[in-house]
Amino acid sequence: MRLLTHNMLSSNIKGVINGFPLRIEAERVVVKQVDFNPDFLKNMFSKIDWKALADASKIMGYAELPDEVPDPSVLDSDEFLRKFHHALLELHLEEGALVCPETGRRFPVNKGIPNMLLHEDEV
């Protein structure tokens with residue numbers, strides 16, 4: 001699971017008010033090369049919850065992103081775009097779990113696929 005996907009997932013358990021961001025428990029992280037596309041990154045920049053991305057990338061062992069939302073002028077920097085690209089698209093959570101910040105419910109991630117199915121009493 002890429003951090004792009006993580007940035008768009010939330011816990012939909014009944015009664016949960018704030019199910020975002022899901023905390024990552026990483027057991028196995030892999031890096032998968034993806035073609036660099038600066039136009040895609042520039043388009044996604046405003047759609048990403050920056051704090052969630054920066055925190056998740058640190059948990060997965062990549063601490064090159066700034067903690068605070070950078071000024072959009074950084075989108076002119078190839079160095080920044082490559083760091084953003086790596087964190088967003090090349091880091092993959094292969095094995096581990098996503099944890100609801102409110103309930104502590106763990107959603108397993110196996111072979112890079114998060115299982116977000118809810119139990120009957122959670123719907």
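Position 1 is the first residue of the sequence; numbering continues from there.
- For the residue pair Glu90/His85, the side-chain donor-acceptor check at 3.5 Å is satisfied.
- In this structure, Ala87 and Leu65 approach most closely via the heavy-atom pair CB-CD1, 3.5 Å.
- Looking at Val123 and Ile13, their side chains never come closer than 4.5 Å, going by heavy atoms from C-beta outward.
- Counting heavy-atom neighbours within 6.0 Å of Lys51 NZ, excluding the residue itself, gives a total of 12 or less.
- Both Met44 and Val69 belong to a common hydrophobic cluster when Ile, Leu, Val, Met, Phe, Trp and Tyr are linked at side-chain heavy-atom distances under 4.5 angstrom.
- Summarising the geometry, atom CE belonging to Met8 is positioned 11.5 Å from atom CZ belonging to Arg2; distances are rounded to the nearest 0.5 Å.
- Within the 4.5 Å cutoff, no side-chain heavy atoms of Thr103 are placed close to those of Glu122.
- With Asn7 contributing its side chain and Ile48 its backbone, the two residues share no donor-acceptor pair below 3.5 Å.
- Considering every non-hydrogen atom in both Leu22 and Cys100, the closest pair reads CD2-CA, 3.7 Å.
- Atom OG of Ser46 is separated from atom CG of Leu75 by 9.0 Å, given to the nearest 0.5 angstrom.
- Note that CG of Leu81 and CG of Asp76 are 8.0 Å apart. Values are rounded to the nearest 0.5 Å.
- Scanning both residues, Arg106 and Ala97, for their nearest heavy atoms gives NH2-CB, 3.3 Å.
- Leu98 has its side chain within reach of Met1: a pair of non-hydrogen atoms, C-beta onward, lies under 4.5 Å apart.
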Sequence neighbours left out, cut at 3.5 Å: what donor-acceptor pairs do the side chains of residues 29-37 make with other protein atoms?
from  : atom 1 : to    : atom 2 : distance (Å)
Lys32 : NZ     : Glu94 : OE2    : 3.2
Asn37 : OD1    : Asp39 : N      : 3.2
Asn37 : OD1    : Phe40 : N      : 3.1

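- Put simply, the side chain of Leu3 reaches to within 4.5 Å of the side chain of Ser57, judged on heavy atoms.
- The shortest side-chain heavy-atom distance between Tyr62 and Met60 does not fall under the 4.5 Å cut-off.
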Pair up each side-chain donor or acceptor in residues 107-118 with any protein partner under 3.5 Å, not counting sequence neighbours, and list the distances.
from   : atom 1 : to     : atom 2 : distance (Å)
Asn115 : OD1    : Leu117 : N      : 3.0

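- Residues Glu102 and Asn18 approach most closely at OE1-N, 2.8 Å, considering heavy atoms.
- Scanning both residues, His6 and Ala52, for their nearest heavy atoms gives CE1-O, 4.4 Å.
- Between Pro70 and Phe80, the closest side-chain pair of non-hydrogen atoms falls below 4.5 Å.
- Note: Phe84 and Trp50 have tilted aromatic rings, judged against thresholds of 30 and 60 degrees for the angle between ring planes.
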For this session: Dump the intermediate steps for side-chain contact (heavy atoms from CB on, under 4.5 Å) on Ile24 and Val99, then the final yes or no.
Result: CA-CA 6 Å; Ile24 293 176; Val99 181; over 6 Å; no
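- Listed here is the closest heavy atom pair of Phe20 and Pro101: N-CG, 3.9 Å.
- For His92, there are no ring pair (Phe, Tyr, Trp, His ring centres under 6.0 Å) partners, not counting sequence neighbours.
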